[in-house]
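This report refers to the structure that appears directly beneath it.
The sequence lines fix the lettering, A, B, ..., with proteins before strands; numbering per chain opens at 1.
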Number of protein chains: 2
Amino acid sequence: MEINHKVHNCKDCVYRSWAFKNLSDEELKLINTKKVEKFYRKGEHICVEGDEIKDFMYLQNGLVKLYKTETNTREHIISIAKPKDFIGLLSVFSNKAHIYSITAIEDSVVCFVDLELIKSFIKSNGIFAIDFFEKISAVSDNVIKTRVDINTRQLRGRIAYILLLFSKHIYNSTKFSLPISRKEIAELIDMSTENVIRVLSEFRKDKLIQIEGKSIEILDLEKLEKFYELG
Amino acid sequence: MEINHKVHNCKDCVYRSWAFKNLSDEELKLINTKKVEKFYRKGEHICVEGDEIKDFMYLQNGLVKLYKTETNTREHIISIAKPKDFIGLLSVFSNKAHIYSITAIEDSVVCFVDLELIKSFIKSNGIFAIDFFEKISAVSDNVIKTRVDINTRQLRGRIAYILLLFSKHIYNSTKFSLPISRKEIAELIDMSTENVIRVLSEFRKDKLIQIEGKSIEILDLEKLEKFYELG
DNA sequence: TATCATTTATGATATATGTCATCTAAAACG
DNA sequence: CGTTTTAGATGACATATATCATAAATGATA
């Protein structure tokens, strides 16, 4: 299968201004020669729990899930990462091996930058260090916040949260195609698959949303937000 | 009320080798003159959600809880921090204001170091920067891991988790005095207070633990671990 | 000390959620 | 293309957990 994908020059990367704005042209050139940009088709593994951490990973495009394997048939999803997120979280600094697996839930492009190179920049370029840590801190903080938001709510509130998450923070639209299955939603919000399906049906019957397979349209944002607020 | 407490010199601090081992004597002296070491009695607030973040906070001694206020009567506890933990998490780098409140659950000593000073060391001392981020990353990673551990278990598994947490990771003893109330345990594991009490009574009746008020002794570690593993 | 408030404790009951069975629709595969 | 597998959907029922009520024990306060 042909994949139409060309490796970018970091200098032209839309995210240059985001993550690497404080690097000099020299440093950026170094990253550019050393980085590996990989394309992953939906469903492909980016890394597996236990893999050695060698690179700093950066989601350039697409959507991935971080998860732990519980049993043969059940996983527990920790978070969904979106473009600009540093995937692998902070483990890269505090662990030798990945503590979560990462899989693409949409066709994705991930940038791999040798961790030692990043560390050398942290050492030599203080401005970059500060800015860089602000960015990765925000990602980790957000994971904690999301876990708390989910766990303090019950079924309907959690489903509302997920719908609002995709609508507001990922797709910026009231109409989108769900990138994950009902089972995966269940694994993300710690609920049974059947109940996820049931609540989605309930929301459909109550005209909060419209569903056609994976396609979802939010019809009544206000009511959905009320479910989210009430828990 | 008299408090017998004397401010230490950072150079003599037991944690020097932990957090600040890569600072020069010069730099350490600077911290020493600028840092503020505060003593908090059990129950006293260290900071409140919304407070401006000015300092990097470091738990030298004692035990504190991080939490969000949900309603007038209910809080949600994010984590319990122990000595050597950086409290306030990564928010210090990604936020202007504290997103959680922090209160001492045991008499505690907290070191406050001006955040700008820390940042200046990150900029000027690369070795310190790397080591420092490894340390704070581990704390945040651990919070995420704990939340996942709790949420993938049900009542008995969660209570077992909490008991093992205090026993193994905080007090290093099978006998200890619970620093938090049953209600606070409930707020930490997202369960009702009544059920926390019920399961503790059940564990007592089944001779897994012995309870006398706040004093807890673990009698059957193996069975407790089995509850933890099963969920 | 007596009084009041809070924490711990327990039972009865309501509610939320999970599990099992079954079915249909849709996707994957030879 | 038909066959097989997987995802989605729904009902009946079991189980886990929350809620409400009440009371004893403990701690705080005047």
Check: A/R156 side chain, A/V199 main-chain N or O, donor-acceptor pair, under 3.5 Å =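 Checking the backbone N and O of A/V199 against the side chain of A/R156, no donor-acceptor pair under 3.5 Å is found.
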inquiry  = Main chain of A/I78, side chain of A/R147: is a donor-acceptor contact present, judged purely on distance under 3.5 Å?
reply    =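 Yes: the side chain of A/R147 pairs with the backbone of A/I78.
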Are the charged groups of [X] and [Y] less than 4.0 angstrom apart, N to O?
{"X": "A/E187", "Y": "A/R74", "result": "no"}
{"X": "A/K226", "Y": "A/E222", "result": "no"}
{"X": "A/D55", "Y": "A/K34", "result": "no"}

ask   = Want to settle it: does A/L200 or B/M191 sit nearer the 5' end of DNA chain D, counting the closest nucleotide to each?
value =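 Whichever sits nearer the 5' end wins; that is A/L200.
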key: A/L224 side chain reached by A/F203 side chain, heavy atoms, under 4.5 Å   =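 Yes, close enough: below the 4.5 Å cut-off.
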ask   = Are the side chains of A/Y100 and B/I144 in touch, meaning some heavy atoms are under 4.5 Å apart?
value =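 Counting from C-beta outward, A/Y100 and B/I144 do come under 4.5 Å.
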request  = Look at the rings of B/F166 and B/Y171 and say which category their plane angle falls in: under 30° parallel, 30 to 60° tilted, over 60° perpendicular.
outcome  =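 Judged by the thresholds at 30° and 60°, the geometry between B/F166 and B/Y171 is parallel.
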ask   = Taking the six-membered ring for Trp, are A/F93 and A/F56 parallel (under 30°), tilted (30 to 60°) or perpendicular (over 60°)?
value =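 Rings of A/F93 and A/F56: tilted, 30 to 60°.
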ask   = Is the distance from OP1 or OP2 of C/dG18 to the nearest side-chain N or O of A/R74 less than 4.0 Å?
value = no
Decide if atom [atom1] of [X] counts as having more than 12 heavy atoms of other residues, nucleotides or ligands within a radius under 6.0 Å.
{"X": "A/K42", "atom1": "NZ", "value": "yes"}
{"X": "B/K214", "atom1": "NZ", "value": "yes"}
{"X": "B/K68", "atom1": "NZ", "value": "yes"}

Rounded interatomic separation in angstrom, taking [atom1] from [X] and [atom2] from [N]:
{"X": "A/E202", "N": "C/dA16", "atom1": "CD", "atom2": "P", "result": "10 Å"}
{"X": "B/I185", "N": "C/dA9", "atom1": "CD1", "atom2": "C1'", "result": "14 Å"}
{"X": "A/E194", "N": "C/dC20", "atom1": "CD", "atom2": "C1'", "result": "8 Å"}
{"X": "A/D190", "N": "C/dG18", "atom1": "CG", "atom2": "P", "result": "9 Å"}

message = Once side chain to side chain contact (heavy atoms under 4.5 Å, CB included) is applied, do any residues pair with A/L219, and if so which ones, sequence neighbours excluded?
response = A/Q210, A/E217
ask   = Honestly, is B/K38 close enough over B/F112, meaning NZ or CZ under 6.0 Å from the six-membered ring centre and within 45° of the axis?
value = yes
task = Name the nucleic acid region contacted by A/S201, choosing base, sugar-phosphate or nothing; use a 4.0 angstrom heavy-atom cut-off, strictly under.
result =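 Contact class for A/S201: sugar-phosphate only.
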Polar atoms only, N or O, under 3.5 Å: list the protein pairs with nucleotides 6-8 of chain C and their distances.
unit_1	atom_1	unit_2	atom_2	d
C/dT8	OP1	B/K214	NZ	3.1
C/dT8	OP2	B/R182	N	3.1

Would you list the protein and nucleotides 12-15 of chain C atom pairs, both N or O, that sit under 3.5 Å from each other?
none

key: Residues within residues 149-166 of chain B bordering DNA chain C, heavy-atom distance below 4.0 Å   = none
remark   = Nearest heavy-atom contact between B/H45 and B/T103 is ND1-OG1, 2.9 Å
key: Bending between helix ends of the helix from C/dT1-D/dA30 to C/dG30-D/dC1 [5 pairs per end, 10° resolution]   = 50°
key: A/T152/B/E70 under side chain to side chain contact (heavy atoms under 4.5 Å, CB included): CA gap, chis, key distance, verdict   = CA-CA 9 Å; A/T152 49; B/E70 308 251 295; 4.1 Å; yes
key: chain A footprint on DNA chain D, 5' to 3' - any atom under 4.0 Å from a heavy atom   =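 The footprint of chain A covers D/dG8 to D/dA12.
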